[in-house]
Number of protein chains: 2
Amino acid sequence: MVVEKPLNIGALARVTGTKVETIRWYERVGLLPVPARSAGNYRTYGEPHLGRLSFIRRARDLGFSLEQIRALLDLAEDRERSCDAVDVIAREHLDEVDRKIADLQALQRELASLIGQCRHGNVAECRIIEALAPPK
Amino acid sequence: MVVEKPLNIGALARVTGTKVETIRWYERVGLLPVPARSAGNYRTYGEPHLGRLSFIRRARDLGFSLEQIRALLDLAEDRERSCDAVDVIAREHLDEVDRKIADLQALQRELASLIGQCRHGNVAECRIIEALAPPK
DNA sequence: CTTGACCCTGTAGTGGCTACAGGGTCCATG
DNA sequence: CATGGACCCTGTAGCCACTACAGGGTCAAG
């Protein structure tokens with residue numbers, strides 16, 4: 001059997017690709033449980049912490065907010081519960097992502113058209129400045 | 001000739017579609033020049049403030065940062081200067097928008113595939129939770 | 001025993017606002 | 001002339017999700 005050695009915060013940071021400060025931050029906001037401390041007052045982490053932090057990081061990579069992640073972690077606890085609530089959170093997030101993409105694409109079109117009009121003259125006749133300045 | 005009446009902050013907010021607090025904030029960070037004050041210590045704005053604030057708002061709607069807007073406003077001052085620097089800022093911003101769209105689309109694909117796998121069972125066999133949890 | 005990598009707490013800063021609290025001003029109505 | 005309500009003032013704190021110190025303590029190798 002594998003006797004797993006406890007990790008200090010730097011090691012946990014390395015294996016999860018998280019910054020040390022971010023781990024402490026997750027602890028402060030209650031996403032990561034308060035870990036045990038060594039004799040020298042160092043935080044010591046085990047497998048459960050590693051798993052939980054990995055979960056958080058993956059969810060963050062997918063753009064979930066810490067609030068959503070908190071909800072997902074709570075839901076994940078109760079393994080008998082229906083996973084519809086999980087689905088709802090994920091769908092809400094996807095809707096948000098869809099909306100952001102649409103907004104950015106509108107922006108992209110406007111910017112591209114603005115830039116396309118640049119004649120590289122002087123500022124007085126700059127189309128970009130003109131487009132931003134108030135009418136007349 | 002039109003004698004333009006000075007606006008107080010609320011009126012300026014209404015005509016530019018900005019919140020009063022936002023106008024004060026732009027003043028604090030030096031984007032809007034400090035306005036004259038009335039006898040009762042109210043800010044009083046004229047045409048130049050209106051123009052400048054409109055510029056800021058349009059640029060914000062296009063997603064430029066306040067830092068970029070500051071640069072654009074500086075460039076707009078010197079009407080003889082070549083507008084290439086303006087073009088550079090706009091292009092950098094467009095590149096940023098392009099990048100954000102690409103990132104969000106990658107997210108969108110991942111999320112959609114995750115959600116598509118939901119079988120609406122219980123959490124123990126939830127694909128979404130599984131996908132987030134660490135491997136085995 | 002010293003060095004340097006690591007860890008601790010606490011605080012402040014980021015961007016771009018937003019939201020108070022606790023007051024002052026202005027003007028129309030009674 | 002008093003009152004009420006809409007407006008304005010300053011200053012501070014909060015939002016999100018960190019990030020970056022400052023000023024110290026701990027630990028292990030050489």
Side-chain angles (χ1 to χ4, degrees), chain A residues 5-32 34-45 49 52-53 55-73 92-93 96-97 100 103-104 107, chain B residues 5-32 34-45 49 52-53 55-73 89 92-93 96-97 100 103 107:
Chain A
K5 50 174 196 282
L7 304 165
N8 60 18
I9 199 167
L12 183 63
R14 265 189 304 281
V15 298
T16 59
T18 313
K19 295 199 173 177
V20 165
E21 292 92 342
T22 304
I23 296 176
R24 285 198 283 248
W25 166 254
Y26 288 159
E27 181 184 328
R28 267 166 65 95
V29 299
L31 267 182
L32 273 182
V34 174
R37 297 288 182 128
S38 73
N41 200 31
Y42 285 15
R43 288 169 179 83
T44 55
Y45 298 96
H49 292 98
R52 202 170 164 102
L53 181 53
F55 186 105
I56 294 168
R57 290 272 84 193
R58 282 176 215 221
R60 285 295 296 142
D61 286 347
L62 287 169
F64 287 97
S65 71
L66 295 193
E67 212 43 63
Q68 288 173 320
I69 294 170
R70 211 185 297 275
L72 288 173
L73 283 165
E92 278 172 5
H93 180 40
E96 182 78 27
V97 170
K100 279 187 187 162
D103 287 354
L104 284 173
L107 236 70
Chain B
K5 53 172 194 280
L7 303 165
N8 60 17
I9 200 168
L12 184 62
R14 267 190 302 281
V15 299
T16 58
T18 313
K19 296 201 173 175
V20 165
E21 291 91 344
T22 305
I23 296 176
R24 284 198 283 248
W25 193 72
Y26 288 160
E27 181 183 328
R28 266 166 64 97
V29 298
L31 267 182
L32 272 182
V34 174
R37 296 290 181 128
S38 74
N41 201 31
Y42 284 17
R43 286 168 178 85
T44 54
Y45 297 98
H49 292 99
R52 202 169 163 99
L53 181 53
F55 186 106
I56 295 168
R57 291 272 84 193
R58 281 174 215 223
R60 284 297 295 142
D61 285 348
L62 287 170
F64 287 97
S65 72
L66 294 194
E67 214 42 64
Q68 288 173 320
I69 294 171
R70 211 185 297 276
L72 288 173
L73 283 165
I89 293 175
E92 277 172 5
H93 180 42
E96 182 77 29
V97 169
K100 279 187 186 161
D103 286 355
L107 237 70

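Throughout, a chain's letter reflects where its sequence line sits, starting with A, and its residues are numbered from 1.
When the C1' atom of D:dC8 is taken as reference, atom CD of B:Glu27 falls 13 Å away, rounded to whole Å. To the nearest angstrom, P of D:dC16 lies 16 Å from NE2 of A:His93. Spacing between atom CZ of A:Arg43 and atom P of D:dG25 amounts to 17 Å, rounded to whole angstrom units. Here the P atom of nucleotide C:dC6 and the OH atom of A:Tyr45 are 16 Å apart, to the nearest Å. Between the CD1 atom of B:Ile56 and the C1' atom of C:dG15 there is a distance of 15 Å, given to the nearest Å. Whole-Å rounding puts the B:Leu12 CG to D:dC9 P distance at 11 Å. Between B:Arg70 atom CZ and C:dG15 atom C1' there is a gap of 11 Å when expressed in whole angstrom units. If you measure from atom CD of B:Glu67 to atom C1' of C:dG15, you get 11 Å, rounded to the nearest angstrom.
Residue contacts shown for A:Tyr26 are limited to sugar-phosphate atoms, with no base heavy atom under 4.0 Å away. Nucleic acid contact class of B:Arg57 (heavy atoms, under 4.0 Å, all strands): sugar-phosphate only. Using a 4.0 Å heavy-atom cutoff across all strands shown, A:Ser65 reaches sugar-phosphate atoms only and no base atom.
Inspection of the B:Arg57 and B:Tyr26 side chains reveals an N or O donor paired with an N or O acceptor under 3.5 Å.
Distances were taken from every side-chain heavy atom of B:Arg37 (C-beta onward) to each of D:dC9, D:dT19, C:dC17; the shortest belongs to D:dC9. Closest to the side chain of B:Thr22, from the set C:dT18, D:dC18, C:dT9, is C:dT18. With distances taken from any side-chain atom of B:Glu21 to the nucleotides C:dC17, D:dA20, C:dT18, the minimum falls on C:dT18. Nearest to the side chain of A:Arg24, among D:dC8, C:dA19, C:dT9, sits C:dT9. Listed candidates were C:dC7, C:dA19, D:dC18. Nearest to the side chain of B:Lys19 is C:dA19. With D:dT12, D:dC9, C:dT18 as the candidates, the nucleotide lying closest to the side chain of B:Arg28 is D:dT12.
For the pair A:Ala11 and B:Ser38, nearest-nucleotide mapping onto DNA chain C gives the more 5' position to A:Ala11.
Environment of CZ in B:Arg28: sparse, with no more than 12 heavy atoms of neighbouring residues, nucleotides or ligands closer than 6.0 Å.
Atoms CG and CD, from A:Leu53 and A:Glu27 in turn, are 11.5 Å apart once rounded to the nearest 0.5 Å. For the atom pair A:Glu92 CD and A:Phe64 CZ, the distance stands at 10.0 Å (nearest 0.5 Å).
In terms of polar N and O atoms assigned as donor or acceptor, the side chain of B:Tyr42 comes within less than 3.5 Å of the base of C:dG24 in a complementary pairing.
Side-chain nitrogen and oxygen atoms of A:Asn8 include at least one within less than 4.0 Å of the OP1 or OP2 phosphate oxygen of C:dC7.
The pair B:Glu67-B:Arg70 meets the salt-bridge criterion, since a charged nitrogen lies less than 4.0 angstrom from a carboxylate oxygen.
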